[in-house]
Amino acid sequence: MSTINKRIPPLKNSSYNLSDYKKIREGFSWNDIGKDFIQKNGKVNAAYETIDRHVEEGYGDKIALHYVNGDEKQTYTFKEVKEKTDHYAQVLKNHGVKKGDRVFVFLPKTPDCYVSILAIIKIGAIAGPLFEAFMQEAVKDRINDCEGTVLITDKEMVNRVPQDEIPSLETILFVEDIESLPVKAVNGDVVEWVDVEDGLIIHYTSGSTGKPKGVLHAHRAVVHHYISGKWVLDIKDDDVYWCTSHPGWVTGSVYGLFAPWLNRATIVIQGGRFKAEDWYQLIDELNVTIWYSAPTAFRMLLNQEELLEKYDLSSLRHVLSVGEPLNPEVIYWAWNKLGVRIHDTWWMTETGGHLIVNFPSEEIKPGSMGRAFPGITVGILDEEGKELPRGSIGQLAIRTPWPGLMKEIWGNKEKFANYFKYEGWYLSGDLAIQDEEDYVFFQSRNDDMINSSGERIGPFEVESKLIEHPAVREAGVVGKPDPIQGEIVKAFITLRTGYVESKELLEEIRTFVKSNLAAHAAPKEIEILDELPKTKISGKILRRELKEREIEIIKVK
Ligand code: WT7
């Protein structure tokens with residue numbers, strides 16, 4: 001365990017939104033926080049809380065967002081975001097969208113993408129944001145699974161939407177047109193007041209078996225988003241907050257949109273992919289104060305240290321990380337070179353919000369993900385679901401319930417039930433250790449799931465795509481340890497008769513997965529074997545054996 005690592009003390013002379021972890025934890029109740037969000041009639045609307053409330057409270061002219069994409073820059077106030085959202089909401093209503101309908105959003109990281117999500121939620125429908133790099137198959141599988149009826153996209157990305165294969169899809173709205181679409185007046189308020197248990201947003205995420213599953217969250221999650229935004233992101237009124245994730249991933253929706261805006265932050269939306277120079281320049285130019293990103297990005301920045309000379313990053317006061325293990329080296333680098341602590345956070349698509357975190361007012365133990373959020377109880381369980389003593393490795397579980405916890409897996413009661421097989425616990429699928437001071441240390445996944453650059457990839461999905469290629473007979477896909485990306489996707493395949501190994505063939509197979517599924521899921525390495533290891537009885541491919549091969553090779557090196 002990494003407890004021997006030097007601890008990092010909290011910065012002095014600062015006031016934080018959560019000043020005393022132990023005290024707050026003792027007096028904590030979710031109900032106390034939730035009260036603020038419930039209307040007099042007992043109803044709620046997360047989109048109203050996120051934007052409209054601030055306009056009503058007199059903050060309409062405050063800057064809600066800065067959008068940067070290369071040379072393009074835009075700024076919106078809260079009032080402007082509200083007006084645009086209302087217009088989108090009315091257009092959706094005019095197209096017959098009703099409470100509970102699933103409306104998908106397939107857009108790059110632009111203000112339109114954020115506004116679309118809010119507009120859907122505002123009228124009581126369920127938002128289904130899709131990651132911008134998805135290809136046909138990934139788009140189709142998701143919309144089909146929960147029978148989405150409407151899609152908001154643009155005229156370029158629509159080329160990756162196989163409309164003929166999505167029978168439920170009735171309407172496609174293009175952001176290029178929405179602004180100028182006339183709207184018929186909607187009677188009364190455009191806000192649909194809903195119950196706390198009504199559907200809010202659906203995020204698809206991979207498991208180790210089967211197709212991606214639809215994790216459905218309820219409006220009650222706003223309570224969790226709000227209070228974790230306040231205490232963990234430590235948002236204050238003059239902050240400029242930047243979360244680098246796309247809203248198609250849960251980090252991008254919960255901590256890129258809901259949590260910061262519930263706390264009335266000015267957010268930064270950055271278009272385009274990762275480039276160290278652009279990122280540093282953006283922090284410098286916009287004076288970003290709070291920054292939420294992932295270990296892979298930090299590791300890439302660390303490798304280009306010379307850039308630090310060129311940019312002024314002194315505006316940064318609070319930095320956070322999520323999605324994959326954060327190496328102590330990276331924490332020490334940021335501490336020594338940037339003078340900031342990186343605060344690791346642990347949670348999952350299914351948990352809807354932060355569960356294990358580091359607070360700015362508390363000590364950091366590098367190598368640990370932090371401690372349980374107030375109101376959250378961690379358990380390290382054995383195979384029977386019994387709690388293990390401190391210091392032992394076991395299954396990381398959380399006492400149920402809490403407001404952010406998913407409501408269901410769309411159309412799959414069995415998959416949902418798998419998370420709750422031990423009475424009173426949510427089972428994460430991670431293995432971890434908790435020390436005597438309550439700090440939790442991530443060990444590994446307890447299944448075959450791959451984590452590459454913080455993106456969760458199910459091996460089954462990649463294997464299924466691989467064997468659709470005419471040359472591939474069988475495929476086994478694993479995560480291979482990688483110093484930058486944490487893991488990379490590695491595929492082991494056997495070839496059908498008549499095919500011989502060549503560089504071109506391997507590249508063709510890789511491109512086949514990339515162009516049908518998604519770039520991040522395409523194997524970075526493909527190795528051809530004569531035979532894949534299998535279980536004797538059922539003939540199932542033994543991914544663990546394939547993975548051990550990779551780990552052995554690294555050890556020998
Ligand atoms: C899995 C969840 C919602 C957060 C983004 C990823 C891994 C998450 C950490 C961390 C080590 C982490 C776990 C978890 N993970 N945070 N701080 N340290 N591992 O969400 O795609 O649903 O994946 O990501 O293995 O189970 P996700």
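Ligands are counted one by one from 1 in listed order, and the atoms in each one are counted from 1 as well. Model, not experiment: these values are computed from the prediction.
Relative ring orientation between W249 and H520 is described as perpendicular, the plane-to-plane angle rising above 60° on a 0-90° scale split at 30° and 60°.
By the 4.5 Å heavy-atom criterion applied to side chains, I24 and W231 are counted as neighbours.
For residues 436-453, the set of pairs meeting the salt bridge (Lys or Arg N to Asp or Glu O under 4.0 Å) definition, not counting sequence neighbours, comprises R7-E437, K365-E437, R390-D438, D430-R445, R445-D447, D448-R543, D448-R544.
Summarising the geometry, atom OG1 belonging to T345 is positioned 6.5 Å from atom CG belonging to L320; distances are rounded to the nearest 0.5 Å. With values rounded to the nearest 0.5 angstrom, L262 atom CG is found 12.0 Å from K230 atom NZ.
Pocket lining of ligand 1, defined as residues with a non-hydrogen atom under 4.0 Å away: V250, T251, V322, G323, E324, P325, D344, T345, W346, W347, M348, T349, M369, D430, F442, R445, N451, R456.
Checking each of W347, Y426, F28 against W402 for a ring-ring contact (aromatic ring centres under 6.0 Å, His included) leaves exactly one that passes, namely Y426.
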